[in-house]
Amino acid sequence: HFCEVQHVPALVSMVEAGLGVGVVPRLAMPDENHGTLVSLPLRNPAVSRTIGLIHPRGKTLNPVARLFYDLLAQRVGARQK
């Protein structure tokens with residue numbers, strides 16, 4: 001049997017309750033000191049996720065946001081070459 005949830009915290013709660021295992025984004029994985037859960041990275045097959053970067057149309061980004069935007073755009077561009 002399987003169950004699909006819409007929110008990561010719901011999945012984490014189900015796993016904590018002993019209802020199975022779950023696959024979550026790395027940022028949602030518990031840290032090493034979690035009392036009841038252990039996380040393992042998926043390696044074979046590698047799992048990827050498409051993300052997007054949005055900003056307000058027609059507005060100038062503040063300097064920190066602009067730096068972050070440029071850094072991400074540079075890294076994505078380097079990976080696509």
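Here the structure is a predicted model, which means the values were calculated and not measured.
Here the CE atom belonging to M14 is positioned 7.0 Å from the CG atom belonging to L11, to the nearest 0.5 angstrom. Here the straight-line distance linking atom CG of L42 with atom CZ of R26 works out to 11.0 Å at 0.5 Å rounding.
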Report, one line per pair, each donor and acceptor closer than 3.5 Å where one atom sits in a side chain of residues 15-25; sequence neighbours left out.
{"from": "E16", "atom 1": "OE2", "to": "H34", "atom 2": "NE2", "distance (Å)": "3.2"}

Could you pull out every donor-acceptor pair under 3.5 Å between side chains of residues 53-66 and any protein atom, sequence neighbours left out?
{"from": "N62", "atom 1": "OD1", "to": "V64", "atom 2": "N", "distance (Å)": "3.0"}
{"from": "N62", "atom 1": "OD1", "to": "A65", "atom 2": "N", "distance (Å)": "2.8"}
{"from": "R66", "atom 1": "NE", "to": "D70", "atom 2": "OD1", "distance (Å)": "3.2"}
{"from": "R66", "atom 1": "NH2", "to": "D70", "atom 2": "OD1", "distance (Å)": "3.1"}

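Here the closest non-hydrogen pair linking M29 and S39 is CE-CB, 3.1 Å.
Linking Ile, Leu, Val, Met, Phe, Trp and Tyr whenever their side-chain heavy atoms come within less than 4.5 Å puts V8 and V5 in one cluster.
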